[in-house]
Amino acid sequence: MENLKEILGQARKIAILGHIRPDGDCVGACLGLKNYLASLAPELSVQVYLGEIPDSFCFLKGADEISHDTLDGTVYDLCIALDTSDRERLGDFVSYFDQAGKTVCVDHHVTHREFAEIVHVCPDASATSEVLYTLMEDKLIDASTAECLYMGIIHDTGVFKHSNTSGETMRIAGKLMEKGIDFSSIIDRTFYEKTYKQNQILGRMLTESVLFMDGLCIFAAVRKKNMDFYQARAKDLEGIIDQLRVTKGVECAIFLCETAPQEYKVSMRSNHVVDVSKIASFFGGGGHVRAAGCTMAGSVHDVINNLSKHIERQLIDAGLC
């Protein structure tokens, strides 16, 4: 696939889907594509379907038009799935994908499982937002599209500090900055700024975190009762795993969020040697070499023990354990 014009064909009604619990790259890619298509072909009918997004993302153009309706009865000519490594990650929105006349997936996850008719995956790219830029005509990218794509890139690169940041990533970010976006504000508003509630939960998780494996690993877990106490939602947990990761001496960080009795959403980050995507894939999840996740059953003790076996094996191979 060389550009987005190729995949549009005769499609007039288009659905854009992202993964469950959408993050910065997912939201940025979905809204960036919607805004770009408005410039490329204003006559198209384009609808984005996503779960709840963080309030800090709501300044993006098109955010107020996102539909959370999982079954409104609309059948689309074309459905484009973004930043989604497998069909199950589409959640309850998968019906739009299944019923569409044509399906496309644009992604960058190394663990991607091909599930669309047309697949464009670039595992070397830092973010799906970066991949999308390469499929767009620069002259048709306005400030509203650039804001979305830039936000997606900074979130998946940790503001250009993760190992997935490349020279190409920086070149594309520079081109987006040239569109006149307030890039420093985007970074502060969507990456660093936190509510008082978020800071409270972050503080608690850091206080209750546990070092293990001779200080090479760290984990923290938030229970449903904690979430209820703070009246918190999933979006209030952003940044916790990244703060755990930068603990001095830590190679691998794990953050668990209880989603149901004896069920946890697992987020993993590593710094140098542990490939967390392999571990996540083993447990039915996916992601990147240094950032991945999955869902696991059992108690916190069970989950950490099961993950530890895989982490330890990689640490031993690397001569760190």
Inset, instruction - Answer yes or no: is there a side-chain heavy-atom contact under 4.5 Å between V222 and L256? - result: no

Legend entry - Side chains of S126 and D156, donor plus acceptor under 3.5 Å: no

Legend entry - Single-linkage hydrophobic cluster V210~L244, side-chain heavy atoms < 4.5 angstrom: no

Inset, instruction - Report yes if the side chains of E251 and V273 come closer than 4.5 Å at any heavy-atom pair, otherwise no. - result: yes

Inset, instruction - Could you please spell out the steps behind the side-chain contact (heavy atoms from CB on, under 4.5 Å) verdict for V274 and L315? - result: CA-CA 7 Å; V274 175; L315 291 175; 3.8 Å; yes

Legend entry - Partner of I80 by side-chain contact (heavy atoms from CB on, under 4.5 Å), out of L17, L4, I7: I7

Legend entry - Y36: partners by ring-ring contact (aromatic ring centres under 6.0 Å, His included), with sequence neighbours left out: none

Inset, instruction - Measure centre to centre between the rings of H162 and H288, then say whether the value is under 6.0 Å. - result: no

Inset, instruction - Give a yes or no on this: more than 12 heavy atoms of other residues, nucleotides or ligands lie within 6.0 Å of atom CG of D182. - result: yes

Legend entry - Joint cluster assignment, I181 & I154, ILVMFWY side-chain distance < 4.5 Å: yes

Legend entry - Whether over 12 other heavy atoms sit under 6.0 Å from K194 NZ: yes

Legend entry - Over 12 foreign heavy atoms within 6.0 Å of CD, E114: no

Legend entry - Pairs where residues 298-321 contributes a residue and the test ring-ring contact (aromatic ring centres under 6.0 Å, His included) is met, not counting sequence neighbours: F282-H310, F283-H310

Inset, instruction - Find out whether the Lys NZ or Arg CZ of R87 is both under 6.0 angstrom from the six-membered ring centre of F97 and within 45° of the ring's axis. - result: no

Inset, instruction - Could you list all the ring-ring contact (aromatic ring centres under 6.0 Å, His included) pairs where at least one residue sits in residues 136-161, not counting sequence neighbours? - result: F57-H155, H155-F191

Inset, instruction - Quick one: which residue pairs count as a side-chain hydrogen bond (donor to acceptor under 3.5 Å, both in side chains) with a foot in residues 66-78, not counting sequence neighbours? - result: Y49-D72, Y49-Y76, D72-T74, D72-Y96

Inset, instruction - Check whether the side chains of D302 and S299 place a donor and an acceptor atom closer than 3.5 Å, and report yes or no. - result: yes

Legend entry - Beyond-backbone contact of L132 with L82, side-chain heavy atoms, under 4.5 angstrom: yes

Inset, instruction - Mind jotting down which residue pairs meet the side-chain hydrogen bond (donor to acceptor under 3.5 Å, both in side chains) criterion with at least one end in residues 225-243? Sequence neighbours excluded, please. - result: E52-R233, D55-K235, K224-D228

Inset, instruction - Would you indicate whether the side-chain heavy atoms of L90 and I20 approach each other to under 4.5 Å? - result: no

Inset, instruction - State, without any angle test, whether R245 and N271 hold a side-chain donor-acceptor pair at a distance under 3.5 Å. - result: yes

Inset, instruction - Please examine the side chains of N35 and C148, heavy atoms only from C-beta on, and report whether any two atoms are closer than 4.5 Å. - result: yes

Inset, instruction - Determine, using the 4.5 Å side-chain heavy-atom cutoff (strictly less than), whether V106 and M151 are members of one ILVMFWY cluster. - result: yes

Legend entry - Side chains of L176 and E147 in contact at under 4.5 Å (non-hydrogen atoms): no

Legend entry - Candidate pair T128 and D83, rule side-chain hydrogen bond (donor to acceptor under 3.5 Å, both in side chains), full reasoning: CA-CA 6 Å; T128 296; D83 199 39; 2.9 Å; yes

Inset, instruction - Using the test ring-ring contact (aromatic ring centres under 6.0 Å, His included), find all partners of H19 that sit at least two apart in sequence or belong to another chain. - result: none

